[in-house]
Every structure is written in structure tokens, then in C-alpha cells.
Amino acid sequence: MRSVLIAAGGTGGHISPGVALAESLVSRKDSLGISNVFLHSLIRNKDNPDLKQAPCEVVWHNTPSLSGNFLLLPFRYVFQLIKSWIKFRQLGVDAVVGMGGYSSVPALLYAVIFGKKLYLCEQNCIPGKVNRIFFRFADKVAFSFPPKDTKVSCSWEILGNPLRSKTVPKLALKFSDKWDPKKKKQFNVLVMGGSQGARQINNMVVNLMKHEVIQERFRFRMLTGTALYDEVSKKTKDADLISYSDNMAEHYEWANMVIARSGSGVLSECAAYALPMILIPYPFAKDDHQTANAKYMEANGAAALLEQRDEDESKLFRILDQFAQSPELLNEMSIRSLECSHVEASPETVGFFFENTK
């Protein structure tokens, strides 16, 4: 096998695990008989920090989404498709790893049409549409969570979501290791809305901090999202506000618990750090996959699930108040969270795909 191409999608949820796999592949390519590793991503992601720090060459493309001007779309799509295929042939691509999303389609079609090895990574409990279509053509599939109502004819395993090396903790400290009731009166709460931020979560927490009892027992650090930072900073001075961070490890190490969306990347990283979670799924996610992810973590005792579309903070208040009254609940959730973690997902996925395939 000469060259492996990782189709690392159009959003952070596809890019980050793709870069994590590239790290593992590059570190083991000699033993696996691989000469080159490439990442394939949309040109709009050129400023993505993970891709800027990629361990291998990134092949950029400009495949249009399957929407917009329907008269021009077929011509634009076919042009970009052929352009990508010519590049793949020049690079001698022998195997494709798809991370999901519409932008992975050119690479997946290349593998199917030209008879190359095809491996798929599915991050969510409810597989995305593109992966569902290509499951039938795949040689192997790696799932981050147990898949829901999915039939896969090829070899597959549940291995967890690949984590970047800089995110993997050196030592995962459980809640009881980080919070001593004799020394600490406040709980550290990390608030995240995903790579783009979430206005709903930001506003819920801003409203929450207006309650005196919450301010007494909880300290908040909010990753607002770059586009929403100014908006949040005008509403509150009671939290540590950060627009974006490229070093999530330090925030996870600081936190005693997390309030977040339920994308697979966030769940995997929080579990690796044994963090209890309050999950507020994005209600408009395709196939409602975030709710399915959150329910999986809730069923395993690692998270409290809060399903709502408005910005009313009352339910969130009750959950936090319960935690403040019974910190042992957080310790139990922390243990369960760690049990859900797969910190070796990246090397194990590489091994599953490429060992014994020379």
C-alpha cells in the first residue's frame, strides 16, 4: 500500500478525528507499509487550527454542497469531482478513509469506482446520510458509539472517536480527585457550544448566573464561539469568557463538570477527562443525532440530558442545584464518564483498518 487519503469533512466534528487518525498513521506508516498519508478537506477550512497543524500534506478541494443553484450545480460538482480524482491518481492513492459529511463524497466515489480500499469512520449513534449510503461499499467501518438501527455487511467495530494527541490526558482525574469539599466551595463549570458556539446555551448560562445561589456555588468558564463573544461579553461580567481555544486540555483539567452540546467530539474529550456532563443537544441536527448521542451518555450514567429549544434556565438551575446539594452524584457521573472513554481510539482504529493489509 502506497498512499492513504483521509477525507476529513467540512466541520470540526469530522476534521478533528481525521487529523487524529493522520497523526497515528504517520507515526506508524513504516510498520504498516504506507509511504504517504494525505488529508482531504474543503478549502474553506484553511484556517482550521487542526488542519494548520496537520502532520501530513492537506489536499484542498472546493466541492459544492448539494444545494444552491440547481442549474449550475451538476457542472460545478462534476468539475470538482474530476479535478479531485486526477489529483488522487497523481498521488497514487490506494486507500481512502472517510470521516463522513458531503465533502467526503469525491474521495469515497474514487475508492468505489477505481477499486481502492475504503474505510469509514462514523462518529454518531445515528450514522450520517453519506456514510449510510457508502456502508455497502466499505471494507471496514469503525464506530465511535454503538450504532442505532444500522445494518453493516462488512467488518465493523466500536472503537471510540479518535482524539488528537494534544487532547489526550496524561492522567484522567476523577471528580473526587479535583474537588475537595474541605477546600473548595465552588464547582468549576466549563460551558461549550461547539466549534461555532451556541447562542441558546450562552444565554441560558447568562440567565443562570443572575441567581445568587448559583454564583455562590459555581464558577463558570464559557467558550462562547468567536462570532458570539462580543454579544456575551455585553451581557455578563460574572464568567471567564473565551472566544475560542486551541488548547482544550487546560480547560478540561480546570473543570469539575461541563455544560455542552452533544457532538461526538465533545463527548469523547469530556469522557477522556472523566467529566460529568449536562448535555443540551442541538435541536436541529440532522436526524437528531445529537439527542441520540446524549441519550447514550445519559444511559451510561455519565450525563444529565436537557432537551429544550428555548433559553429558559429553570431546568438547568434545578440540575445544578441538585449537584450542589449532592456532590456525590457528580463523583458517580465522573466515574461513569471515564468508563465511556476510548483514549486509544485513534491507534486502535488505524490498527483495525491497516494491520495485516500490506
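The figures that follow rest on heavy atoms only: side chains count, while hydrogens, waters and symmetry mates do not.
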Engineer: Do any N or O atoms from the side chain of Arg2 and from the backbone of Ile34 form a donor-acceptor pair under 3.5 angstrom?
Structural biologist: no

Engineer: Nearest 0.5 angstrom please: Lys295 NZ to Leu279 CG, how far?
Structural biologist: 12.5 Å

Engineer: For the backbone of Asp312 and the side chain of Gln308, can you confirm whether one donor and one acceptor N or O come within less than 3.5 Å of each other?
Structural biologist: yes

Engineer: Please assess Phe38 against Val4 for the test side chain to side chain contact (heavy atoms under 4.5 Å, CB included), listing each intermediate value before the final yes or no.
Structural biologist: CA-CA 6 Å; Phe38 303 98; Val4 176; over 6 Å; no

Engineer: So does Glu231 pair up with Arg199, basic N to acidic O under 4.0 Å?
Structural biologist: yes

Engineer: Taking the side chain as every heavy atom from C-beta outward, state whether Val78 and Ile82 have any atom pair closer than 4.5 Å.
Structural biologist: yes

Engineer: Could you verify whether a donor N or O on one side chain and an acceptor N or O on the other, from Lys235 and Asn202, lie under 3.5 Å apart?
Structural biologist: no

Engineer: Within the side chain of His289, is there an N or O that forms a donor-acceptor pair under 3.5 Å with the backbone of Lys286?
Structural biologist: yes

Engineer: Not counting sequence neighbours, list each pair that qualifies as a side chain to side chain donor-acceptor pair (under 3.5 Å) and has a residue in residues 325-334.
Structural biologist: Ser176-Asn331, Glu332-Arg336

Engineer: Does the side chain of Met257 come within less than 4.5 Å of Leu330's, by heavy atoms?
Structural biologist: yes

Engineer: Return yes if some donor-acceptor pair links the side-chain N/O of Glu348 with the main-chain N/O of Pro162 below 3.5 Å, else return no.
Structural biologist: no

Engineer: By ring-ring contact (aromatic ring centres under 6.0 Å, His included), which residues pair with His61, not counting sequence neighbours?
Structural biologist: His40

Engineer: Any donor and acceptor pair, going by atom type alone, linking the side chain of Gln290 with main-chain N or O of Ser262 inside 3.5 Å?
Structural biologist: yes

Engineer: Locate the shortest heavy-atom distance separating Cys56 from Val26; write the atom from each residue and the value.
Structural biologist: CB-CG2, 4.2 Å

Engineer: Working note: Glu122 + Arg132, criterion salt bridge (charged side-chain N to carboxylate O under 4.0 Å, His left out); need CA distance, chi angles, decisive distance, verdict.
Structural biologist: CA-CA 9 Å; Glu122 175 53 56; Arg132 292 201 303 268; over 6 Å; no

Engineer: Return the NZ to SG distance between Lys140 and Cys121, rounded to the nearest 0.5 Å.
Structural biologist: 12.0 Å

Engineer: Tell me whether the count of non-hydrogen atoms from other residues, nucleotides or ligands lying under 6.0 Å of CZ in Arg136 goes above 12.
Structural biologist: no

Engineer: Counting only N and O atoms by type, is there a donor-acceptor contact under 3.5 Å from the side chain of Asn188 to the main-chain atoms of Trp254?
Structural biologist: yes

Engineer: Is there side-chain contact between Val37 and Ile6, with at least one heavy-atom pair below 4.5 Å?
Structural biologist: yes

Engineer: Any side-chain heavy atom of Leu305 within less than 4.5 Å of one from Ile278?
Structural biologist: no

Engineer: Can you establish whether the number of heavy atoms outside Lys178 located under 6.0 Å from its atom NZ is more than 12?
Structural biologist: yes

Engineer: Checking Asp246 now: which residues fulfil salt bridge (Lys or Arg N to Asp or Glu O under 4.0 Å) with it, not counting sequence neighbours?
Structural biologist: Lys166

Engineer: Identify the two heavy atoms, one from Val141 and one from Ala138, that lie closest to each other, and give their separation to 0.1 Å.
Structural biologist: CG2-CB, 4.0 Å

Engineer: With a 3.5 Å distance limit and no angle check, can you tell me whether Asn48 reaches the backbone of Asp50 through a side-chain donor-acceptor pair?
Structural biologist: yes

Engineer: Do Pro106 and Tyr77 have side chains that get closer than 4.5 Å, going by heavy atoms?
Structural biologist: yes

Engineer: So, Lys237 side chain and Ser233 main chain: donor-acceptor pair closer than 3.5 Å or not?
Structural biologist: yes

Engineer: Which heavy atom of Ala142 sits nearest a heavy atom of Phe353, and at what distance?
Structural biologist: CB-CZ, 3.7 Å

Engineer: Is a side-chain N or O of Lys185 found less than 3.5 angstrom from the main chain of Glu216, in a donor-acceptor match?
Structural biologist: no

Engineer: Going by ring pair (Phe, Tyr, Trp, His ring centres under 6.0 Å), name the pairs with one or both residues in residues 306-327, residues two or more places apart or in two chains.
Structural biologist: His211-Phe317

Engineer: So which heavy atom on Ser346 is nearest to which on Ala20, and how close?
Structural biologist: OG-O, 2.8 Å

Engineer: Could you check whether Arg164 and Ser16, counting side-chain N and O atoms only, form a donor-acceptor pair closer than 3.5 Å?
Structural biologist: yes

Engineer: Does Glu355 come within less than 4.0 Å of Arg28, counting only side-chain N to carboxylate O?
Structural biologist: yes

Engineer: Among Val266, Ile201, Asn293, find the one that has a side-chain contact (heavy atoms from CB on, under 4.5 Å) with Arg261.
Structural biologist: Ile201

Engineer: Are Ser337 and Met277 packed together at the side-chain level, in the sense that at least one heavy-atom pair is separated by less than 4.5 angstrom?
Structural biologist: yes

Engineer: With rounding to the nearest 0.5 Å, note down the distance linking NZ in Lys129 to CG in Asp287.
Structural biologist: 9.0 Å

Engineer: When rounded to the nearest 0.5 angstrom, what is the spacing between CG in Asp288 and OG1 in Thr291?
Structural biologist: 3.5 Å

Engineer: Write down the atom of Ser144, the atom of Ile158, and the distance for their closest heavy-atom approach.
Structural biologist: O-CG2, 4.0 Å

Engineer: Considering residues, nucleotides and ligands other than Lys174, do more than 12 of their heavy atoms fall under 6.0 Å from its NZ?
Structural biologist: no

Engineer: Given Gln186 and Phe218, is the side chain to side chain contact (heavy atoms under 4.5 Å, CB included) satisfied, shown in steps?
Structural biologist: CA-CA 5 Å; Gln186 288 185 310; Phe218 299 92; over 6 Å; no

Engineer: Quick one: does any side-chain atom of Ser341 pair with a main-chain N or O of Val343 as donor and acceptor, under 3.5 Å?
Structural biologist: no

Engineer: Do Val19 and Pro55 touch side chain to side chain, with heavy atoms closer than 4.5 Å?
Structural biologist: yes

Engineer: Going by salt bridge (Lys or Arg N to Asp or Glu O under 4.0 Å), name the residues that satisfy it together with Glu298, two or more places apart in sequence or in a different chain.
Structural biologist: none

Engineer: Once rounded to the nearest 0.5 Å, what's the spacing between atom OH of Tyr252 and atom CG of Asn247?
Structural biologist: 10.5 Å

Engineer: Hey, could you give me the CE/CD distance between Met204 and Gln200, rounded to the nearest 0.5 Å?
Structural biologist: 5.5 Å

Engineer: Is there a ring pair (Phe, Tyr, Trp, His ring centres under 6.0 Å) between Phe354 and Tyr119? Walk through the geometry before answering.
Structural biologist: CA-CA 10 Å; Phe354 296 103; Tyr119 308 107; 5.1 Å; yes

Engineer: For Trp85 and Phe114, what are the C-alpha separation, side-chain angles and deciding distance, and is it a side chain to side chain contact (heavy atoms under 4.5 Å, CB included)?
Structural biologist: CA-CA 10 Å; Trp85 290 356; Phe114 295 100; 3.9 Å; yes

Engineer: Grab the two heavy atoms, one from Met333 and one from Pro276, that are nearest each other, plus how far apart they are.
Structural biologist: CB-CB, 3.8 Å

Engineer: According to a 4.5 Å side-chain heavy-atom criterion applied to Ile, Leu, Val, Met, Phe, Trp and Tyr, with indirect links allowed, do Val189 and Leu173 form part of one hydrophobic cluster?
Structural biologist: no

Engineer: Show every ring pair (Phe, Tyr, Trp, His ring centres under 6.0 Å) that has at least one partner inside residues 142-184, sequence neighbours left out.
Structural biologist: Phe135-Phe143, Phe143-Trp156, Phe145-Tyr296, Phe175-Trp179, Trp179-Phe187

Engineer: Applying side chain to side chain contact (heavy atoms under 4.5 Å, CB included) to Val205 and Met222, what does each step give before you reach the verdict?
Structural biologist: CA-CA 9 Å; Val205 173; Met222 299 176 63; 3.9 Å; yes

Engineer: Does any non-hydrogen side-chain atom of Leu190 lie less than 4.5 Å from one of Met192?
Structural biologist: yes

Engineer: Above 12 or not: heavy atoms from other molecules or residues under 6.0 Å from CD of Glu212?
Structural biologist: no

